[in-house]
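Reading through the structure tokens given below for one structure.
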Amino acid sequence: MRFIAFLICLVAPLPAMALSCARPSVERSYGQAAKADESYVVVKGRLTFDESKLPKANMQTQTAPKRTMIKARFQGHALSGADFSTSFNAALNYEVRCLVVWCGGGQSGEEIIAFVQKTPSGYTLEMGPCGGWAFPATRKNTMAVLSCARGSTCTR
């Protein structure tokens, strides 16, 4: 009987690890960007990049690159005052981060609202495994950003 119990322990699956993230919201990201020491530009439009360069996790070794930089382009409009009225067409670094085997991602050509960091070398959009700096450009998300820009409390 002990032998059977021993075999069961050997072949029983190990507990699955999961990544637990707070649900990102466009309002919370707006508030974080507004309070940050870094400079952010809120943009709405299309991000294009080579999807084949997105990081891939190695499930056998349970590893993935910590950070992958992908050259990308953003075409759309920047938030100016209380509307997306300023043309924004720029090359940027799409910085995709991973934590163990969970990685950020995205789809090239998707219409998004993004919080793009302005750096001395240009613009960077960071995407981690929990998201938080880019959102689908739905009417709801657009209205939330515009509400934040007009002075509403943005912490959800």
Side-chain angles (χ1 to χ4, degrees), residues 13-80 83-149 152-156:
L14 297 173
M17 289 177 47
L19 181 63
S20 178
C21 299
R23 185 180 192 118
S25 78
V26 72
E27 296 92 345
R28 187 177 314 115
S29 294
Y30 188 98
Q32 289 172 339
K35 292 177 188 171
D37 291 334
E38 301 83 11
S39 178
Y40 285 88
V41 179
V42 185
V43 294
K44 180 180 176 185
R46 295 194 187 284
L47 176 70
T48 54
F49 61 94
D50 183 351
E51 288 184 38
S52 71
K53 296 189 180 204
L54 286 169
K56 293 169 185 56
N58 182 328
M59 298 309 281
Q60 289 183 333
T61 61
Q62 295 287 295
T63 59
K66 288 185 182 351
R67 181 178 86 146
T68 302
M69 297 296 276
I70 302 170
K71 296 290 181 197
R73 179 151 223 61
F74 196 95
Q75 292 182 303
H77 293 87
L79 186 63
S80 178
D83 203 355
F84 287 100
S85 58
T86 302
S87 182
F88 186 88
N89 182 4
L92 58 82
N93 290 311
Y94 189 41
E95 183 176 336
V96 183
R97 294 186 174 267
C98 299
L99 180 63
V100 188
V101 295
W102 298 278
C103 297
Q107 285 188 301
S108 183
E110 183 178 24
E111 180 95 9
I112 62 172
I113 293 173
F115 297 82
V116 177
Q117 185 179 355
K118 188 174 182 180
T119 67
S121 61
Y123 296 98
T124 299
L125 174 57
E126 184 181 313
M127 183 58 67
C130 292
W133 293 111
F135 300 88
T138 63
R139 177 168 168 68
K140 179 181 175 187
N141 285 341
T142 300
M143 296 310 292
V145 167
L146 295 177
S147 179
C148 291
S152 293
T153 303
C154 293
T155 56
R156 281 200 307 158

Could you report the tightest heavy-atom contact between F74 and G45, atom names first, then the distance?
CZ-N, 3.3 Å
Of L92, T119, V116, which meets side chain to side chain contact (heavy atoms under 4.5 Å, CB included) against T124?
T119
Correct closest heavy-atom pair for V41 and A78 would be CG1-CB, 3.9 Å
Evaluation steps, side chain to side chain contact (heavy atoms under 4.5 Å, CB included), between Y30 and L79:
CA-CA 11 Å; Y30 188 98; L79 186 63; 4.0 Å; yes
Students often mix this up, so state it plainly: with edges at 30° and 60°, are the rings of W133 and Y40 parallel, tilted or perpendicular?
parallel
Could you measure the distance from the CD1 atom of I112 to the CD atom of Q107? Nearest 0.5 Å is fine.
11.0 Å
Can you tell me how far the NZ atom of K56 sits from the SG atom of C98, to the nearest 0.5 Å?
10.5 Å
Short side-chain to backbone donor-acceptor contact, D50 and S52, under 3.5 Å:
yes
Atom pair NZ/OG of K53 and S108 - distance to nearest 0.5 Å
12.5 Å
Please determine whether the number of non-hydrogen atoms from other residues, nucleotides or ligands lying under 6.0 Å from atom NZ of K118 exceeds 12.
no
I need the H77 NE2 to N89 CG distance, nearest 0.5 Å.
10.0 Å
Is any side-chain heavy atom of M143 less than 4.5 Å from a side-chain heavy atom of T138?
no
Smallest heavy-atom separation, R46 atom then G109 atom, equals NH1-O, 2.7 Å
Is there a side chain to side chain contact (heavy atoms under 4.5 Å, CB included) between Y94 and L47? Walk through the geometry before answering.
CA-CA 9 Å; Y94 189 41; L47 176 70; 3.9 Å; yes
For I70 and L54: C-alpha separation, side-chain torsions, deciding distance, then whether side chain to side chain contact (heavy atoms under 4.5 Å, CB included) applies.
CA-CA 8 Å; I70 302 170; L54 286 169; 3.9 Å; yes
Given K44, which of F88, F84, F135 fulfils the side chain to side chain contact (heavy atoms under 4.5 Å, CB included) condition?
F84
Find the distance between CD (E126) and CZ (R67) and round it off to the nearest 0.5 Å.
9.5 Å
For the student: nearest non-hydrogen atoms of A64 and V101, plus distance
CB-CA, 4.4 Å
Where N93 and K71 come nearest, the two heavy atoms and their spacing
OD1-NZ, 3.1 Å
Here the gap from R97 atom CZ to M69 atom CE, rounded to the nearest 0.5 Å, amounts to 8.5 Å
So, does R28 use its side chain to make a donor-acceptor pair with the main chain of R23 at under 3.5 Å?
yes
